[in-house]
Peer 1: 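First, the structure itself, so that you have it in front of you.
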Amino acid sequence: MGNVAVLERQDSGAATLENVIVEWIGRVGVVTLNRPQALNALSEGLIRDLENALDHFENEPGTHVIVITGSEKAFAAGADIKEMVDKTYMDAYLGDFITTGWERLSQCRKPVIGAIAGYALGGGCELAMMCDILIAADNAKFAQPEITIGTIPGAGGTQRLTCAIGKSKAMEMCLTGNMISATDAEKAGLVSRVVPLDQLRQEALILAEKIASMSLPVAMMVKECVNRSYETTLTEGLKFERRVFHSTFALEDRKEGMEAFIGKRKPVFKGE
Ligand code: CAA
């Protein structure tokens with residue numbers, strides 16, 4: 001938690017931690033993975049900085065949506081192999097490797113958009129899949145190459161990839177380590193769309209700003225309900241959705257949204 005104090009909203013709009021750059025763009029928080037010398041390999045330090053940035057944006061009431069991105073060459077080339085190479089089974093097991101910090105992204109309650117350019121490999125692909133919406137640049141490449149270095153995906157690859165693209169494609173990727181292109185990732189349903197590299201950031205921000213203009217609690221409820229579909233049966237998921245739908249009737253934003261529609265004006269959501 002050492003860096004959290006640094007992350008007060010900066011007048012300059014940006015702050016640089018050792019391995020990530022943090023930006024405040026209106027109601028959108030942007031985290032850029034920034035370890036170019038290692039293609040954003042996910043070292044302990046990078047994961048800790050990412051966790052701190054996410055903690056900050058989750059706790060900051062003014063931030064409604066988070067965007068995570070990397071460099072043009074790499075979103076992230078995976079867990080840091082140089083840090084892993086000498087680990088023993090006991091190091092991995094007792095330290096619960098790939099848990100602390102790594103799971104923070106999947107626990108975010110605010111919507112998270114992944115803007116992916118270049119390599120999203122191994123843990124990088126897994127981190128991307130923890131986001132709610134993925135936009136890929138046309139140079140993005142996705143793979144789970146762990147088998148080629150004698151291990152298996154450890155941050156959810158076998159599970160989230162299978163949910164996202166189905167068994168046959170997930171098996172082929174995990175068993176061969178082959179990369180798929182942005183276009184194939186879109187066809188398979190891994191990403192929602194592909195944009196030219198030079199428009200990636202702008203497209204992600206436009207999407208983020210649109211979501212950020214909605215009622216924050218309602219956006220968070222939508223996220224919670226969609227995610228529930230991965231965890232439960234249809235009957236239970238529908239019940240959960242119905243109850244959350246009912247709870248929107250406790251919100252002023254719900255009344256405002258409906259009155260604005262009837263009054264033929266834009267709603268002004270206050271997040272309450
Ligand atoms: N860990 C540590 N360092 C890495 C790295 C990684 N995952 N990926 C790249 N780097 C480093 C390289 O070692 C190199 O450093 P040096 O300059 O000090 O040699 C630097 O980044 C640039 O990389 P390359 O020279 O290899 O660049 P390239 O353009 O020739 O190749 C690449 C790019 C195809 C992405 C290649 O770097 C690569 O294959 N990387 C490893 C990909 C991988 O296997 N990822 C899975 C890791 S395991 C995992 O993620 C487990 C899990 O499920 C959590």
Side-chain angles (χ1 to χ4, degrees), residues 17-21 31-51 54 68-108 112 114-131 134 136-165 167 169-185 190-191 197 200:
L17 304 185
E18 197 178 335
N19 302 285
V20 304
I21 299 166
V31 188
T32 303
L33 309 185
N34 185 34
R35 209 183 156 223
Q37 71 282 13
L39 300 180
N40 292 335
L42 301 162
S43 60
E44 273 180 30
L46 190 151
I47 291 293
R48 202 171 37 243
D49 286 352
L50 176 62
E51 182 182 22
L54 295 174
I68 300 187
T69 193
S71 72
E72 292 195 349
K73 180 155 186 203
F75 173 67
D80 191 314
I81 300 168
K82 292 170 189 166
E83 276 186 4
M84 274 188 296
V85 63
D86 290 326
K87 272 194 198 296
T88 64
Y89 167 71
M90 274 307 159
D91 293 333
Y93 180 73
L94 293 179
D96 207 5
F97 184 45
I98 307 284
T99 306
T100 306
W102 282 81
E103 292 188 344
R104 181 65 186 91
L105 179 54
S106 61
Q107 288 160 358
C108 280
V112 182
I116 314 297
Y119 296 114
L121 310 181
C125 186
E126 292 168 303
L127 206 64
M129 289 190 290
M130 292 179 201
C131 298
L134 289 182
D138 47 16
N139 75 337
K141 295 178 196 68
F142 299 85
Q144 294 294 160
E146 290 86 348
I147 196 166
T148 67
I149 56 166
T151 185
I152 74 166
T158 61
Q159 307 301 300
R160 290 199 177 90
L161 191 62
T162 309
C163 286
I165 68 174
K167 177 176 165 180
K169 284 179 191 291
M171 280 285 189
E172 184 170 338
M173 284 179 70
C174 293
L175 286 171
T176 63
N178 287 349
M179 290 187 204
I180 62 166
S181 67
T183 316
D184 285 345
L190 183 58
V191 307
L197 176 59
L200 178 67

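Note that ligands are numbered from 1 as they come in the structure, with each ligand's atoms numbered from 1 the same way. Everything quoted here is computed from the prediction, not taken from an experiment.
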Peer 1: Is the contact between Ile98 and ligand 1 made by the side chain, the backbone, both, or neither, using heavy atoms and a 4.0 Å cut-off?
Peer 2: side chain

Peer 1: So if I count the atoms of ligand 1 from 1 in the order they appear, which ones are less than 4.0 Å from some heavy atom of Pro153?
Peer 2: 53 (O)

Peer 1: Taking only heavy atoms of Gly154 into account, list the atoms of ligand 1 that are under 4.0 Å away from them.
Peer 2: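 Listed by number with element, the hits are 52 (C), 53 (O).
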
Peer 1: Calculate, to the nearest 0.5 Å, the distance between atoms CG and CG belonging to Leu39 and Asp80 respectively.
Peer 2: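 So the gap between those two atoms works out to 11.0 Å.
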
Peer 1: With a 4.0 Å cut-off, strictly under, does atom 23 (O) of ligand 1 pick up any protein heavy atom?
Peer 2: yes

Peer 1: Could you go through Asp91 and Thr88, starting from their C-alpha distance and side-chain angles, then the distance that decides it, and tell me whether this counts as side chain to side chain contact (heavy atoms under 4.5 Å, CB included)?
Peer 2: CA-CA 5 Å; Asp91 293 333; Thr88 64; 3.2 Å; yes

Peer 1: Ignoring angles and geometry beyond distance, decide whether Gln144 reaches within less than 3.5 Å of ligand 1 through its nitrogen or oxygen atoms.
Peer 2: no

Peer 1: What is the nearest protein non-hydrogen atom to atom 20 (C) of ligand 1, stated with its residue, atom name and distance?
Peer 2: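 Its nearest protein heavy-atom neighbour is Gln37 O, 3.5 Å.
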
Peer 1: Report the nearest protein non-hydrogen atom to atom 1 (N) of ligand 1: residue, atom name, distance rounded to 0.1 Å.
Peer 2: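 Answer for atom 1 (N) of ligand 1: Ile81 N, 2.9 Å.
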
Peer 1: Considering only heavy atoms, which of Lys82, Lys141, Arg35 lies nearest to atom 13 (O) of ligand 1?
Peer 2: Lys82

Peer 1: Please check if the side chain of Glu83 supplies one atom and the backbone of Glu44 the other of a donor-acceptor pair under 3.5 Å.
Peer 2: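 Side chain of Glu83 to backbone of Glu44, a donor-acceptor pair under 3.5 Å: yes, one is there.
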
Peer 1: Rounded to the nearest 0.5 Å, what separates atom CG in Leu50 from atom OG1 in Thr32?
Peer 2: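 It comes to 11.0 Å.
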
Peer 1: Yes or no, since that's all I need: does a protein heavy atom fall within a distance strictly under 4.0 Å of atom 17 (O) of ligand 1?
Peer 2: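 Within 4.0 Å of atom 17 (O) of ligand 1, no protein heavy atoms are found.
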
Peer 1: Report the C-alpha separation of Asn40 and Phe75 in whole Å, then their side-chain angles, then the decisive distance to 0.1 Å, and conclude whether the side chain to side chain contact (heavy atoms under 4.5 Å, CB included) test is met.
Peer 2: CA-CA 7 Å; Asn40 292 335; Phe75 173 67; 6.0 Å; no

Peer 1: How long is the straight-line distance from CG of Asn34 back to CD of Glu18, given to the nearest 0.5 Å?
Peer 2: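 These two atoms lie 10.5 Å from each other.
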
Peer 1: Provide, to 0.1 Å, the distance between atom 10 (N) of ligand 1 and the closest protein heavy atom, together with that atom's residue and name.
Peer 2: Ala38 O, 3.8 Å

Peer 1: Return a table of donor-acceptor pairs under 3.5 angstrom between the side chains of residues 117-127 and protein atoms on other chains or two or more places apart.
Peer 2:
unit_1 : atom_1 : unit_2 : atom_2 : d
Glu126 : OE1    : Gly123 : N      : 3.3
Glu126 : OE2    : Gly154 : N      : 3.3
Glu126 : OE2    : Ala155 : N      : 2.8
Glu126 : OE2    : Gly156 : N      : 3.2
Glu126 : OE2    : Gly157 : N      : 2.7

Peer 1: With backbone taken as N, CA, C and O and side chain as the heavy atoms from C-beta onward, which portion of Lys73 lies under 4.0 Å from ligand 1: side chain, backbone, both, or neither?
Peer 2: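 Looking at Lys73 and ligand 1, just side chain atoms fall under 4.0 Å.
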
Peer 1: If a pair satisfies salt bridge (charged side-chain N to carboxylate O under 4.0 Å, His left out) and one of its residues is in residues 139-161, list it, with sequence neighbours excluded.
Peer 2: none

Peer 1: Atom 48 (S) of ligand 1: which of Thr158, Ile149, Leu121, Leu42 has the nearest heavy atom?
Peer 2: Ile149

Peer 1: What atoms of ligand 1 come closer than 4.0 angstrom to any heavy atom of Ala79?
Peer 2: 1 (N), 6 (C), 7 (N), 47 (C), 49 (C), 50 (O), 51 (C), 54 (C)

Peer 1: Applying a strict 4.0 Å limit to heavy atoms, is Met84 in contact with ligand 1?
Peer 2: yes

Peer 1: Look at atom 27 (O) of ligand 1 and say which protein heavy atom is nearest, naming residue and atom and giving the distance to 0.1 Å.
Peer 2: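 The closest one turns out to be Leu39 CD1, 3.8 Å.
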
Peer 1: Are there more than 12 heavy atoms of other residues, nucleotides or ligands under 6.0 Å from atom CG of Asp86?
Peer 2: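 Incorrect, the count does not exceed 12.
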
Peer 1: What part of Thr151, side chain, backbone, both or neither, has a heavy atom within less than 4.0 angstrom of ligand 1?
Peer 2: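 Under 4.0 Å from ligand 1, Thr151 contributes no heavy atoms.
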
Peer 1: Any protein heavy atom under 4.0 Å from atom 36 (C) of ligand 1?
Peer 2: no

Peer 1: Determine yes or no for a side-chain-to-main-chain donor-acceptor pair under 3.5 angstrom, with Arg35 supplying the side chain and Leu42 the backbone.
Peer 2: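 Here the side-chain-to-backbone pair does not exist.
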
Peer 1: Give the numbers and elements of all ligand 1 atoms closer than 4.0 Å to a heavy atom of Glu126.
Peer 2: 52 (C), 53 (O), 54 (C)

Peer 1: Identify the closest protein heavy atom to atom 44 (O) of ligand 1: which residue and atom is it, and at what distance?
Peer 2: Pro145 CG, 3.6 Å

Peer 1: Provide the number and element of each atom of ligand 1 under 4.0 Å from a heavy atom of Glu146.
Peer 2: 48 (S), 49 (C), 50 (O), 51 (C), 52 (C), 53 (O)

Peer 1: Please check if atom CD in Glu72 has more than 12 non-hydrogen atoms from other residues, nucleotides or ligands closer than 6.0 Å.
Peer 2: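 At most 12 heavy atoms, drawn from other residues, nucleotides or ligands, come within 6.0 Å of this atom.
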
Peer 1: How many angstroms lie between atom CD1 of Ile149 and atom CD1 of Ile81, to the nearest 0.5 angstrom?
Peer 2: 4.0 Å

Peer 1: Below the 3.5 angstrom mark, is there an N/O of Ala77, backbone or side chain, next to an N/O of ligand 1?
Peer 2: yes

Peer 1: Can you find an N or O of Met179 that's nearer than 3.5 Å to an N or O of ligand 1?
Peer 2: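 N/O-N/O distance below 3.5 Å does not exist for this pair.
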
Peer 1: Considering heavy atoms of the protein only, find what lies nearest to atom 5 (C) of ligand 1 and give residue, atom and distance to 0.1 Å.
Peer 2: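 Protein heavy atom at minimum distance: Ala41 CB, 3.9 Å.
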
Peer 1: Can you confirm whether some protein heavy atom lies under 4.0 Å from atom 8 (N) of ligand 1, or whether none does?
Peer 2: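 True for atom 8 (N) of ligand 1.
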
